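Take a look at the structure set out below.
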Amino acid sequence: MEKDLIRCGWCTSSDLYKKYHDEEWGVPVYDDPTLFEFLILETFQAGLSWITILNKRENFRNAFDYFDYKKIANYSEDKIQELLQNSGIIRNKLKIKAAVSNAQAFIKIQEEFGSFSDYIWKFTNGKPIINSPKTSKDVPATTPLSDEISKDLKKRGFKFVGSTVVYAHMQATGMINDHAENCWKNTQ
């Protein structure tokens, strides 16, 4: 990783942030397992900083069966109680229960649309939206599109998917490219 690369201003505080920015953030994701992982991580991030989630990401992967949505959809109350005792993750009972119900809703979308990817990417006609903001300060927390997707996800039974969470998910999975104008990821 080049130390002298110009990056988006939000990611310069740690090497983990830089690695995430350089290798994942804004890269289009079309496979359901990765889309689900980011969806769950973003829902746990609600009200917290993303670096908090990144620092616990491996713990989340281990605790949540590597984000196997079919397993998560069938978590028992005993498993939920086990997760509530796991200090390596965010131990919020509502978010843990939402992970289970979101896995169930995720599977229903797959059944209806063939894949979650087909469903979510239809909102952008299958292509990333390139914004090229001047700086990170010019990036909105929500947009009318994230409002629309949030509303649709909630209608389908998802929880902790407010417009801000949805917009962050869109950024993380490359549906939206919000790399700053001078960021090396935007100048490739």
Side-chain angles (χ1 to χ4, degrees), residues 1-64 66-67 87-90 92 95 99 102 106 116-117 119-150 153 158 160-188:
M1 206 177 335
E2 300 278 335
K3 291 192 189 292
D4 56 348
L5 290 175
I6 296 173
R7 294 179 175 89
C8 298
W10 59 265
C11 74
T12 58
S13 64
S14 79
D15 287 341
L16 183 60
Y17 243 175
K18 290 174 190 172
K19 181 175 171 44
Y20 171 70
H21 169 274
D22 292 355
E23 296 176 10
E24 294 183 87
W25 194 70
V27 176
V29 173
Y30 295 96
D31 68 279
D32 280 6
T34 306
L35 288 167
F36 182 74
E37 176 178 352
F38 276 115
L39 183 66
I40 295 303
L41 291 174
E42 294 292 351
T43 61
F44 273 94
Q45 190 244 332
L48 302 169
S49 68
W50 184 242
I51 194 65
T52 300
I53 302 303
L54 280 181
N55 283 325
K56 294 178 178 279
R57 190 177 189 180
E58 283 307 313
N59 295 335
F60 273 104
R61 283 180 173 150
N62 289 323
F64 283 90
Y66 291 85
F67 299 106
S87 62
I89 64 168
I90 307 301
N92 178 304
K95 290 180 181 181
N102 287 353
F106 189 88
F116 185 83
S117 180
Y119 160 78
I120 200 76
W121 278 96
K122 76 178 175 65
F123 289 98
T124 64
N125 295 316
K127 294 185 168 88
I129 296 168
I130 312 295
N131 287 332
S132 299
K134 192 145 188 77
T135 71
S136 296
K137 291 181 176 112
D138 299 320
V139 177
T142 65
T143 62
L145 180 57
S146 66
D147 294 345
E148 177 188 347
I149 295 171
S150 170
L153 286 169
F158 284 82
F160 286 95
V161 289
S163 190
T164 302
V165 166
V166 168
Y167 194 79
H169 184 263
M170 293 170 73
Q171 290 173 309
T173 60
M175 291 177 68
I176 293 177
N177 182 334
D178 273 339
H179 285 287
E181 192 175 81
N182 66 342
C183 174
W184 78 272
K185 290 288 287 189
N186 199 31
T187 58
Q188 292 182 341

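Quick caveat: nothing in here was measured; it's all calculated off a predicted structure. Any value given below was found using the heavy atoms of this structure, including those in side chains, with hydrogens, waters and symmetry copies removed.
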Side chain to side chain contact (heavy atoms under 4.5 Å, CB included) between I90 and I53: does it pass, once the steps are laid out? CA-CA 8 Å; I90 307 301; I53 302 303; 4.0 Å; yes

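- For K18 against C11, the heavy-atom pair with the smallest separation is CG-O, 3.4 Å.
- With sequence neighbours excluded, no residue satisfies ring-ring contact (aromatic ring centres under 6.0 Å, His included) with F158.
- Side-chain contact between I129 and L145 is present, with heavy atoms from C-beta onward closer than 4.5 Å.
- Residues meeting the ring-ring contact (aromatic ring centres under 6.0 Å, His included) test with F123, sequence neighbours left out: Y119.
- Judged as a salt bridge (charged side-chain N to carboxylate O under 4.0 Å, His left out), and not counting sequence neighbours, E148 has no contacts.
- Residues that satisfy the side-chain hydrogen bond (donor to acceptor under 3.5 Å, both in side chains) test with S136, not counting sequence neighbours, are absent from this structure.
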List the steps, then state whether side chain to side chain contact (heavy atoms under 4.5 Å, CB included) holds for K185 with V27. CA-CA 10 Å; K185 290 288 287 189; V27 176; 4.0 Å; yes

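- By the ring-ring contact (aromatic ring centres under 6.0 Å, His included) test, F67 pairs with no residue at all, sequence neighbours left out.
- A distance of 4.5 Å separates CE in M175 from CD1 in I120, rounded to the nearest 0.5 Å.
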Begin from the C-alpha positions of S146 and I149 and carry the test side chain to side chain contact (heavy atoms under 4.5 Å, CB included) through to its verdict. CA-CA 5 Å; S146 66; I149 295 171; 5.7 Å; no

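- With rounding to the nearest 0.5 angstrom, the CZ atom of R57 is 8.5 Å from the CG atom of L16.
- Remark: H179 pairs with H21, W25 by the ring-ring contact (aromatic ring centres under 6.0 Å, His included) rule, at least two apart or across chains.
- For S150 (side chain) and V161 (main-chain N/O), a donor-acceptor pair under 3.5 Å exists by modelled atom type.
- To the nearest 0.5 Å, the span separating CH2 on W50 from OH on Y17 amounts to 8.5 Å.
- Considering NZ of K95 and CG of N102, their distance stands at 12.0 Å, rounded to 0.5 Å.
- Taken from CG in D22 to SG in C183, the straight-line distance is 7.5 Å, to the nearest 0.5 Å.
- Applying the side chain to side chain contact (heavy atoms under 4.5 Å, CB included) rule to I6 yields the partners N182; only residues at least two apart in sequence or on another chain are considered.
- Across every non-hydrogen atom of P133 and V139, the tightest pair is CG-CG2, 3.5 Å.
- Take S117 and apply the side chain to side chain contact (heavy atoms under 4.5 Å, CB included) test, not counting sequence neighbours, and it matches Y30, D32, L35, S115, W121.
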Would you be so kind as to tabulate the donor-acceptor pairs closer than 3.5 Å made by side chains of residues 38-48, with sequence neighbours excluded?
unit_1	atom_1	unit_2	atom_2	d
T43	OG1	L39	O	3.4
T43	OG1	I40	O	2.7
Q45	NE2	L48	O	2.7

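- In terms of the salt bridge (charged side-chain N to carboxylate O under 4.0 Å, His left out) criterion, residue partners of K134 (sequence neighbours excluded) are, by chain and number, E181.
- The side-chain hydrogen bond (donor to acceptor under 3.5 Å, both in side chains) search around S14 returns none, not counting sequence neighbours.
- Taking CZ from F64 and CZ from F36, the interatomic distance works out to 8.5 Å, rounded to the nearest 0.5 Å.
- Every residue two or more places apart in sequence or in another chain that forms a side chain to side chain contact (heavy atoms under 4.5 Å, CB included) with T135 is listed here: K137, D138.
- Between the side chain of T173 and the backbone N or O of H169 there is at least one donor-acceptor pair closer than 3.5 Å.
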